[in-house]
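Below is one structure, written out as structure tokens, with a few remarks after it.
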Number of protein chains: 2
Amino acid sequence: MPNRPASMRDVARRAQVSLSTVSRVLRGSAGVAPEVRDRVRTAADELSYAVSRNASGLVTGRTCRVAVVVPSLCPWYFASVVSGLGHALHEVGLDMLVHQAGLLEDWTRALPLRHNSDALVAVALELTEEQCAHAADMAGPVILVGERLPGRASVHIDDHAGTAGATRHLLNLGHTRIAYIGSQTERGMSLSSATRMTGYHEAMAKAGLEPWTVTKTPGPEGGELAVGELLSHQSPPTAVLAESDDVALGAHRALCRSGVPVPETISLMGFDDHDVSSVLGLTTVDQAPQTLGTVAGHLAADLVQGRRPPATRVELPVQIVPRRSTAAPRERRTSP
Amino acid sequence: MPNRPASMRDVARRAQVSLSTVSRVLRGSAGVAPEVRDRVRTAADELSYAVSRNASGLVTGRTCRVAVVVPSLCPWYFASVVSGLGHALHEVGLDMLVHQAGLLEDWTRALPLRHNSDALVAVALELTEEQCAHAADMAGPVILVGERLPGRASVHIDDHAGTAGATRHLLNLGHTRIAYIGSQTERGMSLSSATRMTGYHEAMAKAGLEPWTVTKTPGPEGGELAVGELLSHQSPPTAVLAESDDVALGAHRALCRSGVPVPETISLMGFDDHDVSSVLGLTTVDQAPQTLGTVAGHLAADLVQGRRPPATRVELPVQIVPRRSTAAPRERRTSP
DNA sequence: CCACCGCGTGAAAACGTTGCCATGACACAC
DNA sequence: GTGTGTCATGGCAACGTTTTCACGCGGTGG
């Protein structure tokens, strides 16, 4: 049975000062005699006292808490973002409340956000402006990670540059028949997906080549289906760029099953630098999700503490990670 | 600029009742006329009002929040546990505060736990009883996940049965020279590691075989080193059981590099059912980390709400996941 | 007809902080 | 010696809830 935790009053009694003084000392505000300051500090220490953010939040109106909403914590990508966020928030003394939106169709209503957090970080959630406004109304500043919405603070990677760079990587290797596997749910294509696709389109256009895109469902299944379609073509591509590593994983499985050697016959490239990509030797685009989280955390801290952040919309660069799954096309190799 | 959120007083005004009545309605306590109840409900809805857990916690002494401390969110295993926890807690209306202990040498002191959460779930943290007691003093009931401590609530898998079963799996395939790769940091061996090792030892003893263990550092590096040592032996093992998939991953790499075919020459088995294991075709032991989290969440909910949980110490079963990396030893196959 | 009870409701006192204002001590310039 | 200013400190009213108690109202049993 844990006896009730010490309150500020207890500290005050022990240090022989008033509540106000204890508050001042613990909040670090000036105007306290050094001798008294020390006395209070040791008293608080001896009682292993910590201020109740509950109570202090009540009067200051700030909860020192940031709510993070994420579809799920399981996938590697989300976990990394949240991890980065957690570290960044911890640094500035903010606690992190994690909610998994998962199945909730309308978490902006369902979650106990109001009064309970100073800001909201939405990770990889495709919000309408209306939902976003409602959430902002409930939870203060909203920061989008991995997505964006006009007028809202956001942190995301340069999807366009990512696929454009990836396409160039394949072009530089000598490929000309480069297919792209995109994805789409029944609710349409996410902004991120769409942007990635245009990056590919532009790079192909610049090279004077015909784009070749296949759009399936997200996840490995989509990749498998797409490869089925691509291989049935009379002259299949020599390189495939998948929208994500997840999709690429499916594509890889399908290629293996069909006995198509990677990269000998077909080069395969993903996007994300998923955990398994390094094991598989998949060439991919690193989007440093943890950095994404860290940056979002700093941004949240600025907004919460009323500072004007350096930028309310951050676009982070990406980096190609070359591995075994891409190589020059066979035609070129075999020609003298 | 988000205008100040509605308070209970606003709802009361709009519904033409007193604060007390609004509180009663929103808390679902009986003794309110149905007509009034509805009026309050719609008023609250129209203002999209949510109770401030801050304020209510102040008076009830309960924060409706559970703190989760985890070494890091990045590794797949931790993310899964926390994900399960999050879902279970959400179900019963508890919010989840996530802290990454990471580098903090003494988070029981550093974290703002006191007054700020109703319970503490420590995931995969090797705590001394003293630390645990201090944490309990700060944050209420403590629940250990993946570790255990006499007298403390805990949820963990049956490590012993896991490695014992894994060893039997290899024995059943016909192996007799089965090596075990354990791990240990400079601070000693974790309870979980130790238990896994004894599982192996017992299964070998029961089969009348000599155990053969190698202990290195945790992580893939340890696996690589261990394989180096095992292969240098004049008659290397025909099967290797690694303490974790992480270690097995390193072992796999080292075996591939040395040109030893898996499972033809050496069968390899891990423990955890890590993400990459399915990709690699690694036979392993599934420990359903998400279930671990879910169970811990329910346990936490029970403790927080003062109910006596069915059991304060839960040991979950594990399951062998057979994949490509284990097969009968070659000797047996080649012998007529 | 009165005492009593149950029911629906409101008033008011907590809960543990913070911020503002008041107080007293002391130093300094006049 | 009086006025003015600064500094360290204490007192007190919030903040938004829950909870206890009290109130008024009909109905029921004696």
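Throughout, protein chains are lettered first and strands after them, A, B, ... in sequence-line order, and every chain is numbered starting at 1. Hydrogens, waters and symmetry mates are skipped; everything else that's a heavy atom, side chains included, is used.
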With distance as the sole test, does B:Glu147 use its side chain to make a donor-acceptor pair with the main-chain N or O of B:Leu144 at under 3.5 Å?
no
Using heavy atoms and a sub-4.0 Å distance, could you list which residues of residues 7-14 of chain B are near DNA chain C? By number, please.
none
Nucleotide nearest B:Leu58 when distance is taken to its side chain, options D:dT18, D:dG16, C:dG19:
D:dG16
Quick one: on DNA chain D, does A:Val59 or A:Glu35 contact a more 5' nucleotide (nearest heavy atom)?
A:Glu35
Distance check: side-chain N/O of A:Arg27 vs OP1/OP2 of C:dG19, anything under 4.0 Å?
yes
Rounded to the nearest angstrom, tell me the gap between atom CG in A:Asn116 and atom C1' in D:dG16.
12 Å
Just call it for A:Ser20: base, sugar-phosphate, or nothing, with non-hydrogen atoms closer than 4.0 Å on any strand.
base
Separation of D:dG16 atom C1' from A:Arg53 atom CZ, nearest Å, is 20 Å
Length of the line joining A:Leu19:CG and D:dG11:P, which is rounded to integer Å
9 Å
Please check if the number of heavy atoms outside B:Arg307 that lie under 6.0 Å from its CZ is greater than 12.
yes
From OG (B:Ser80) to CG (B:Leu292), nearest 0.5 Å
10.0 Å
All N/O contacts under 3.5 Å from nucleotides 6-8 of chain D to the protein, with atom names and distances to one decimal?
none

What distance do B:Leu125 atom CG and B:Cys132 atom SG have between them, rounded to the nearest 0.5 Å?
10.0 Å
Could you tell me whether the side chain of B:Arg24 has a donor or acceptor atom within less than 3.5 Å of a complementary atom in the base of C:dG10?
yes
Measure CD/B:Gln16 against C1'/C:dG10 and give the value in whole Å, please.
15 Å
Mind listing the closest non-hydrogen atom pair of B:Ser83 and B:Gln290 along with its distance?
OG-NE2, 3.3 Å
B:Ser56 side chain: which of C:dG16, D:dT18, C:dT18 is closest?
D:dT18
Taking every heavy atom of A:Ser192 against every heavy atom of A:Arg148, the minimum-distance pair comes out as CA-NH2, 4.2 Å
For residues 13-20 of chain A, run the donor-acceptor check on the side chains, cut-off 3.5 Å, and write out each pair with its distance to 0.1 Å, sequence neighbours left out.
| from | atom 1 | to | atom 2 | distance (Å) |
| --- | --- | --- | --- | --- |
| A:Arg13 | NH2 | A:Asp10 | OD1 | 3.3 |
| A:Arg14 | NH1 | A:Glu46 | OE1 | 2.2 |
| A:Ser18 | OG | A:Ser20 | N | 3.4 |
| A:Ser18 | OG | A:Thr21 | N | 3.4 |
| A:Ser18 | OG | A:Thr21 | OG1 | 3.2 |

Output the rounded distance in Å from OH (B:Tyr49) to C1' (D:dG16).
7 Å
Can you tell me if the side-chain N/O atoms of A:Ser23 get under 4.0 Å from OP1 or OP2 in C:dT18?
yes
How many Å lie between CZ on A:Arg62 and C1' on C:dT18, as a whole number?
13 Å
To the nearest angstrom, how far is B:Asn54 atom CG from D:dC15 atom C1'?
10 Å
Go through D:dG10, D:dG16, C:dT18 for me and flag the one nearest to the B:Ser52 side chain.
D:dG16
Any chance you could measure B:Gln287, atom CD, to B:Tyr77, atom OH, to the nearest 0.5 Å?
4.5 Å
Side chain of B:Asp118, backbone of B:Cys64: donor and acceptor closer than 3.5 Å?
yes
Output yes when B:Arg65 and A:Asp95 qualify as a salt bridge under the 4.0 Å nitrogen-oxygen rule, no when they do not.
no
